[in-house]
Amino acid sequence: MDIAFTEEELAFQQEVSDFLDEAWPEEMRRKYSRNALENFSRDDRIAWQQRLAEKGWAAINWPTEHGGAGFSHTQKYLFDLELARAGAPAMVPMGVSMVAHVIMKFGTDEQKQEYLPDILHSRTFWCQGYSEPGSGSDLASLSTKAEDHGDHYLVNGVKTWNTLGQHADMIFCLVRTSQEAKRQMGISFLLIDMKSPGITVEPIITMDQPKEGFQEINTVYFEDVQVPKENLVGEEGKGWTCAKYLLEFERGNAQSPGLYESLNHVEWMARETQSGEGAVFDDDDFRDRFNDLKIQTMAMEATEMRILGSLSAGQNVGPESSLLKTRGSEISQAISELAGEVAGYYGIPLDQSTPLDDDDFIPAGPEHFSGVSQKYFNLRKTSIYAGSNEIQRNIMAKLVLGLE
Amino acid sequence: MDIAFTEEELAFQQEVSDFLDEAWPEEMRRKYSRNALENFSRDDRIAWQQRLAEKGWAAINWPTEHGGAGFSHTQKYLFDLELARAGAPAMVPMGVSMVAHVIMKFGTDEQKQEYLPDILHSRTFWCQGYSEPGSGSDLASLSTKAEDHGDHYLVNGVKTWNTLGQHADMIFCLVRTSQEAKRQMGISFLLIDMKSPGITVEPIITMDQPKEGFQEINTVYFEDVQVPKENLVGEEGKGWTCAKYLLEFERGNAQSPGLYESLNHVEWMARETQSGEGAVFDDDDFRDRFNDLKIQTMAMEATEMRILGSLSAGQNVGPESSLLKTRGSEISQAISELAGEVAGYYGIPLDQSTPLDDDDFIPAGPEHFSGVSQKYFNLRKTSIYAGSNEIQRNIMAKLVLGLE
Amino acid sequence: MDLSLNDEQSLIQSSVERFILNDYTFEQRQKIVAEDPGYSQEHWTTFAELGWLAIPFSEEDGGLGGTGVESMVLLEQFGRGIVVEPFIPTVVLAAGAIRLGGSTEQRKRFIPDIIDGKLQGALAFAEPQGRYDLHDLTTTATAKGDGFVINGYKAVVLNAPAADFLVVSARTSGSQRDTDGVSLFVLDARSAGISRHDFTTVDAMRASEITFENVEVGPDALLGAAGAGLAALQQVIDEGTFAVCAEAVGCVEVLYKDTVEYSKIREQFGQRLGSFQALQHRMVDMFMAYEQSRSLLYMTAAHLENGYDEQAQKHITALKVQIGKAAKLVGQEAIQIHGGMGLTDELSISHYFKRVTVIENMFGNNRFHLKRFGALAG
Amino acid sequence: MDLSLNDEQSLIQSSVERFILNDYTFEQRQKIVAEDPGYSQEHWTTFAELGWLAIPFSEEDGGLGGTGVESMVLLEQFGRGIVVEPFIPTVVLAAGAIRLGGSTEQRKRFIPDIIDGKLQGALAFAEPQGRYDLHDLTTTATAKGDGFVINGYKAVVLNAPAADFLVVSARTSGSQRDTDGVSLFVLDARSAGISRHDFTTVDAMRASEITFENVEVGPDALLGAAGAGLAALQQVIDEGTFAVCAEAVGCVEVLYKDTVEYSKIREQFGQRLGSFQALQHRMVDMFMAYEQSRSLLYMTAAHLENGYDEQAQKHITALKVQIGKAAKLVGQEAIQIHGGMGLTDELSISHYFKRVTVIENMFGNNRFHLKRFGALAG
């Protein structure tokens with residue numbers, strides 16, 4: 001056993017930290033910590049991702065042959081840690097962490113050449129078209145149709161819970177190319193240009209009420225959208241295989257660095273905020289509950305170290321990823337709940353500020369409380385999306401405990 | 001709405017309190033509070049129940065024609081309250097609160113005459129024979145057989161989770177008198193003399209490790225036991241009806257008086273017990289958790305008032321009784337957990353004291369901590385017996401929420 | 001011992017219930033909150049006509065002489081509709097302070113117009129540094145002539161944008177956290193020296209941050225005796241606490257029942273959600289939390305019928321804890337079981353969740369009341 | 001960063017695992033605890049022969065120079081067998097005090113015989129009024145000649161009935177709750193003036209209340225410098241805390257796995273228990289609690305490898321909180337899901353539950369450690 005980092009690892013950590021000082025300066029940090037929701041603008045996000053790409057750090061889960069960073073597990077962990085400390089956003093995952101893996105595994109050489117470099121350098125903004133109205137966690141019940149029209153598919157249907165589609169250049173979709181008895185069959189994996197005629201994007205307003213244009217999710221409508229046949233990834237009817245493969249990448253990242261950062265922020269707020277004779281943080285009961293969450297996070301960190309650390313590069317996390325997803329979402333929700341408690345009455349005002357330069361929104365109370373409740377509302381999603389925590393528990397019951 | 005008691009009610013409360021001062025004097029209270037498990041001796045219990053009977057207060061749920069106390073709901077509540085305050089035990093339920101109701105409802109006039117007066121005056125000690133090894137909450141899976149032998153049944157089988165059978169004169173049993181397709185059919189309700197040849201009682205040692213002879217539960221074996229036909233209650237094959245009827249009486253009593261009393265005892269212990277610079281009760285965090293349980297008990301009390309108070313005499317509590325059973329057991333378990341926390345290291349010694357006069361057991365620590373952990377272990381039963389809390393939740397899901 | 005409603009109270013209940021059902025659908029509510037002033041003047045007039053605004057006032061003041069039970073019955077139903085009309089800010093809080101602390105003259109000046117629906121009010125009592133401590137005040141009222149000059153800052157004053165009058169707590173003597181020296185003033189909301197920063201709240205209400213800069217008021221602005229306003233303020237806040245608890249019980253009822261109904265329709269993996277046992281048990285927990293909260297609400301109301309004594313205070317504080325926990329459990333589970341749909345602004349469920357979340361942070365959160373419960377006698 | 005065992009540690013692990021599986025079935029354990037002295041001398045000799053009793057001692061003292069990881073590996077397996085042999089009282093606690101605080105001469109006097117399995121010890125540190133505060137002492141050691149006279153009372157001293165020697169904390173100066181003035185003494189358990197009240201514990205161990213009445217000891221009884229014993233005592237208790245946490249992880253593993261296995265066999269209403277989704281989800285929570293506890297145990301061990309520094313202390317305290325919560329959840333659920341059978345003495349499950357319940361109350365419960373965690377730097 002060894003808890004210490006090697007000199008090389010510490011040097012790497014310093015390198016990341018130095019890079020962030022420059023690439024994500026205090027100014028950006030302030031801009032985005034104005035509101036707990038941290039709605040990034042498209043331009044800032046792309047500029048930042050391109051900086052990461054220049055440095056060679058955009059694709060930390062890619063093999064080096066495609067331009068991956070080639071990080072060890074410890075380096076990944078340290079990278080996440082420093083990112084969280086600097087308040088810098090992680091890469092938008094739909095391109096670099098999702099569709100790219102499917103293209104690498106199932107795509108043709110032409111597809112790899114066409115898409116991967118643009119993903120790596122954030123020249124193409126990707127979004128995902130999986131869920132449909134009514135499908136919920138039951139993905140295989142999808143009904144968006146792609147009919148074979150010779151050189152192209154004709155796509156009709158509706159995709160929902162589409163993240164950041166308003167910014168996207170491309171969408172990867174699960175579509176039904178034939179009707180089979182077993183629902184997972186007959187599904188194909190298609191790449192579609194978002195500028196294709198027949199596509200419309202409609203925002204879904206979530207309960208945290210982001211400002212117009214800053215919604216996190218959308219519904220995407222496809223009406224007689226023509227998609228060239230060469231945009232099919234893998235075999236027709238084998239889209240479910242792609243989807244399952246991709247899911248393994250969705251939950252593998254270390255969450256404890258971000259959780260620690262959130263805890264530090266809550267601690268800072270609770271030390272700043274008066275209650276009775278002292279600060280909120282001086283209240284025994286508050287501090288006990290805070291520390292309980294911190295200890296939960298330590299146990300989470302240790303679990304990440306054990307699970308992630310035991311994998312050799314390229315290996316996928318097994319059903320234990322369900323544990324990390326479940327606990328990570330529960331802890332992050334609890335932290336946001338505690339933040340709301342610190343805010344007190346200042347959790348009540350609605351913050352609709354944006355990071356745009358011409359925005360003159362003035363928060364009602366201290367800036368650090370802006371959007372704190374909205375963050376709490378927003379994070380309810382984490383136990384619902386990417387396979388709800390109920391689905392994760394079903395998976396663990398079946399695959400880990402052998403219960404059916 | 002009216003929260004106050006009438007003058008008549010307050011006078012009644014005083015009467016109960018005066019009676020208890022004499023009938024359950026401080027001396028008895030001390031004897032039984034020596035150990036948190038409060039294992040009563042058979043003799044003390046019977047003597048006490050006979051005092052209640054003399055006073056006319058043994059059968060608070062019986063109609064007055066059979067010698068019931070004729071209490072109003074408020075009187076019942078006040079009676080429970082004073083009993084809890086004095087630390088006096090409630091009537092052992094198997095006779096007066098269980099089999100008696102079945103006999104009243106389904107029994108012949110002969111059976112009523114033979115059994116009810118002896119039950120009322122605690123001249124007969126009853127126990128119950130329902131569960132069988134392996135049946136758990138699935139009562140209808142029972143397999144104890146009663147074969148028709150003309151003037152008697154020949155009973156063979158095993159009954160378990162039998163409460164206080166070592167003291168009992170009579171047992172009421174569910175037995176299978178015929179094999180039917182639907183499992184609930186073919187079950188009959190039999191009264192059996194515990195002195196019948198072929199009956200043996202074996203203690204089940206529970207994890208709280210009561211002293212020999214003070215076990216709460218037993219297994220009862222029946223080997224070719226002859227039971228006269230006149231001991232059948234109701235029709236042959238209709239025992240399930242009796243059982244269902246009886247279940248309604250099992251969960252109808254107000255639990256909040258007892259919960260308040262347990263809370264008071266924990267508070268007293270926590271004020272007596274030093275921790276750091278002050279008493280355990282002076283610790284903010286402890287007091288918060290204590291008060292949280294107190295508030296849960298207040299909500300429980302209010303629910304009991306609403307549910308029990310809205311019934312006119314003789315009416316049965318509906319599926320809401322499942323709520324009271326579930327919450328009551330959860331709260332009582334949590335209180336016993338808190339008591340263990342107060343005891344600290346003194347929760348560790350095993351207490352095997354008895355209330356017998358010749359017992360010279362000396363507890364390791366302060367007497368009020370004796371058996372505190374064992375009480376915590378013992379109370380795990382409350383969420384398991386009489387329909388586990390899972391069963392109660394199933395019942396509420398179905399009958400209250402309409403979910404299937 | 002009787003926790004049931006009398007006939008008159010039952011009548012109010014069914015009348016409000018009918019209003020919510022017929023005139024206050026979620027779609028209608030959303031239209032109201034989308035436009036200024038954020039509530040419906042028409043509805044407010046209806047409330048006045050139906051006598052609802054008169055409920056808590058004594059007959060002497062032109063009211064109906066309700067005891068708390070009647071307000072509870074009204075607000076429980078308002079909770080079921082997440083009604084945004086400012087009944088609590090105006091009638092319970094601002095007018096409550098006048099009802100409890102005002103002279104006959106002051107009551108006459110305000111209460112009839114409030115009952116008639118002509119006046120809106122707001123209670124400006126919270127300050128940023130004071131959190132939930134009513135006596136922690138940096139706002140001052142200094143004697144000048146026979147009146148006072150008010151200087152200070154008040155946080156998150158609900159209904160202030162629409163208010164015609166304000167009731168303000170200010171310190172006439174003592175230092176920041178003294179319990180003596182707190183006074184209440186009632187003044188025109190448009191008095192010179194008052195400036196507001198208006199905003200919308202996460203639960204679609206309107207509120208303001210208010211700065212008082214040399215606001216001059218006459219002697220008739222003082223409610224009760226100078227320096228002795230804390231008792232009345234505490235009672236008003238307790239009544240407000242009881243009111244939001246009643247409202248929250250209505251919200252929790254909808255949260256749990258809508259979730260159960262949704263689970264009966266919604267299918268996943270070819271099965272109705274409601275047939276999954278893990279969800280069934282959790283919905284039972286929601287039901288139990290609701291049922292017990294409602295019971296404690298009614299028991300608290302029964303105590304209030306006896307008067308605002310220590311038992312009543314203790315029950316109100318216990319109730320806030322119970323409701324806070326129940327609303328959090330039921331709210332979070334309602335969203336979770338609704339899944340993606342629960343996250344949207346489109347479905348009403350998230351709006352109930354947001355309302356109960358705000359209520360949890362009002363007048364002291366769970367932990368504040370747990371401590372207060374421990375500190376109260378009895 | 002590496003939380004895996006090295007080859008030697010893995011060897012210990014499989015050797016202990018084999019012992020538990022083959023020689024320490026539940027039936028065998030129950031036979032042992034039913035008779036005096038409540039543990040098996042034969043097993044103890046085996047432990048000595050296999051070198052397990054030598055693990056924590058330095059090579060200089062004749063030990064194996066283990067760092068904490070080795071003890072952890074051993075105790076995790078002991079937890080799986082709910083081993084009653086007094087490894088923690090003798091080797092971790094009593095001998096630990098000598099290892100950390102003793103002179104070369106004192107170490108030579110005790111440690112080789114402990115390693116050989118010839119000596120049993122007990123650490124008498126807790127007092128009724130002191131609860132979990134190691135420095136809260138009314139037991140005194142007064143200088144007399146070149147030695148001391150000890151007077152006082154010690155609570156719940158585990159393994160005292162079998163102990164050949166005792167390590168006692170006593171105050172040589174200062175008042176009851178001073179941190180200075182605490183001294184440790186090692187003495188013959190049969191010294192004149194020592195009287196014991198022996199008892200069995202709820203988890204089938206043996207312990208005593210001990211009264212010290214004018215117990216005279218020589219100068220060689222003092223461990224370390226007079227009045228400066230608290231640091232060593234704190235470290236011993238921290239090591240003991242880590243040890244019981246390792247044991248509890250083993251217990252929790254059995255509690256959760258046995259429950260899952262039971263649910264696969266046991267039928268209710270014609271269905272296997274394990275097929276009920278509500279129970280499945282709860283068993284998943286048990287699994288997650290176990291998995292995270294074990295992870296934190298290993299991370300703590302890795303910190304201890306770095307030395308007993310502030311990070312190690314903080315992790316031990318965090319671990320005690322995590323294990324305390326996990327063991328309570330898993331233990332209670334294990335009993336509940338086992339139903340009636342879980343309540344009996346006959347099935348092993350209740351014995352694991354009782355052991356983890358006792359562990360929760362040892363060396364500071366959850367809330368004690370939550371506060372200590374907050375007070376520790378880092």
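Per chain, numbering begins at 1; letters A, B, ... match sequence-line order.
Contacts between D:Ala126 and chain B at a heavy-atom distance below 4.5 Å involve the side chain alone, from C-beta outward. For B:Ser275, the parts lying under 4.5 angstrom from a heavy atom of chain D are both the backbone and the side chain. If you measure heavy-atom distances from D:Arg196 to chain B, you find no contacts under 4.5 Å at all. Heavy-atom distances place both the backbone and the side chain of D:Phe269 under 4.5 Å from chain B. The contact between B:Pro363 and chain D is made entirely by backbone atoms, counting heavy-atom distances below 4.5 Å. For B:Asp351, no part lies under 4.5 angstrom from a heavy atom of chain D. Only the side chain of D:Leu279 comes within less than 4.5 Å of a heavy atom of chain B; its backbone N, CA, C and O stay farther away. Only the side chain of B:Ile391 comes within contact range of chain D, judged by heavy atoms closer than 4.5 Å. With a 4.5 Å cut-off on non-hydrogen atoms, B:Ile362 touches chain D through its backbone and its side chain both. Proximity to chain B (any heavy atom under 4.5 Å) is shown, for D:Met205, by neither the backbone nor the side chain. B:Ile204 touches chain D through its side chain: at least one heavy atom from C-beta onward sits under 4.5 Å away, while N, CA, C and O do not. If you measure heavy-atom distances from B:Arg393 to chain D, you find no contacts under 4.5 Å at all. Within the 4.5 angstrom heavy-atom criterion, no atom of D:Gln176 approaches chain B. Interface residue D:Gln336: backbone and side-chain heavy atoms are both found under 4.5 Å from chain B. Both the backbone and the side chain of D:Phe363 come within less than 4.5 Å of a heavy atom of chain B. With a 4.5 angstrom heavy-atom cutoff, B:Thr160 does not touch chain D via any of its atoms. Both the backbone and the side chain of D:Thr344 come within contact range of chain B, judged by heavy atoms closer than 4.5 Å.
Annotation: residues 333-341 of chain B contacts chain D through B:Glu337, B:Gly340, B:Glu341 [non-hydrogen atoms, separation under 4.5 Å].
Residues D:Lys320 and D:Asn365 bring no donor and acceptor atom of their side chains to less than 3.5 Å of each other. For the 3.5 Å distance criterion, the side chains of B:Thr206 and B:Glu216 fail to qualify, holding no donor opposite an acceptor. If you check the side chains of D:Asp345 and B:Gln209, you find no donor sitting under 3.5 Å from an acceptor. A donor-acceptor contact under 3.5 angstrom links the side chains of D:Thr317 and D:His369, judged on distance only. With hydrogens and angles left out, the side-chain atoms of B:Asp292 and B:Gln296 include a donor and acceptor closer than 3.5 Å. Residues D:Glu213 and D:Thr211 bring no donor and acceptor atom of their side chains to less than 3.5 Å of each other.
Contact tally against chain B (heavy-atom pairs below 4.5 Å) for D:Lys354, D:Glu360, D:His351: the top residue is D:Lys354. Across D:Asp203, D:Leu343, D:Asn361, the residue that shares the most heavy-atom pairs under 4.5 angstrom with chain B is D:Leu343. Per-residue heavy-atom pair counts under 4.5 Å with chain D were compared for B:Ser141, B:Ser373, B:Gly344, and the maximum is reached by B:Gly344. Most heavy-atom pairs under 4.5 Å with chain B, from the set D:Gly342, D:Gly364, D:Ser350, D:Gly340: that is D:Gly340. Ranked by heavy-atom pairs under 4.5 Å with chain B, the list D:Lys328, D:His135, D:His197, D:Gln332 is led by D:Gln332. Ranking D:Gln129, D:Met362, D:Glu346, D:His338 against chain B, the residue ahead of the rest is D:Met362, based on heavy-atom pairs under 4.5 Å.
Looking only at side-chain heavy atoms (C-beta outward), D:Arg131 and D:Asp136 stay at 4.5 Å or farther from each other. Residues B:Thr163 and B:Gln128 have side chains not in contact (no heavy-atom distance under 4.5 Å, counting atoms from C-beta outward).
Between B:Ala364 and D:Tyr153, the closest heavy-atom pair is O-OH, 3.9 Å. Pairing each heavy atom of D:Ser348 with each of D:Asp258, the nearest pair is OG-OD2, 4.1 Å. When all heavy atoms are compared, the tightest approach of D:Val84 to D:Ala204 is CG1-O, 4.1 Å. Residues B:Gly276 and D:Asp133 come closest through the heavy atom pair CA-OD2, 3.3 Å. In plain terms, the two heavy atoms of B:Asp208 and B:Gln374 that are nearest each other are O-NE2, 2.9 Å.
Not counting sequence neighbours, D:Thr241 has no partner by the side-chain hydrogen bond (donor to acceptor under 3.5 Å, both in side chains) test.
The pair B:Glu267-B:Arg271 meets the salt-bridge criterion, since a charged nitrogen lies less than 4.0 angstrom from a carboxylate oxygen.
For D:Phe353 and B:Tyr376, the gap between ring centers is short of 6.0 Å.
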Inset, instruction - Could you go through the side-chain hydrogen bond (donor to acceptor under 3.5 Å, both in side chains) check for B:Thr354 and B:Asp359 one step at a time? - result: CA-CA 6 Å; B:Thr354 71; B:Asp359 185 16; 3.2 Å; yes
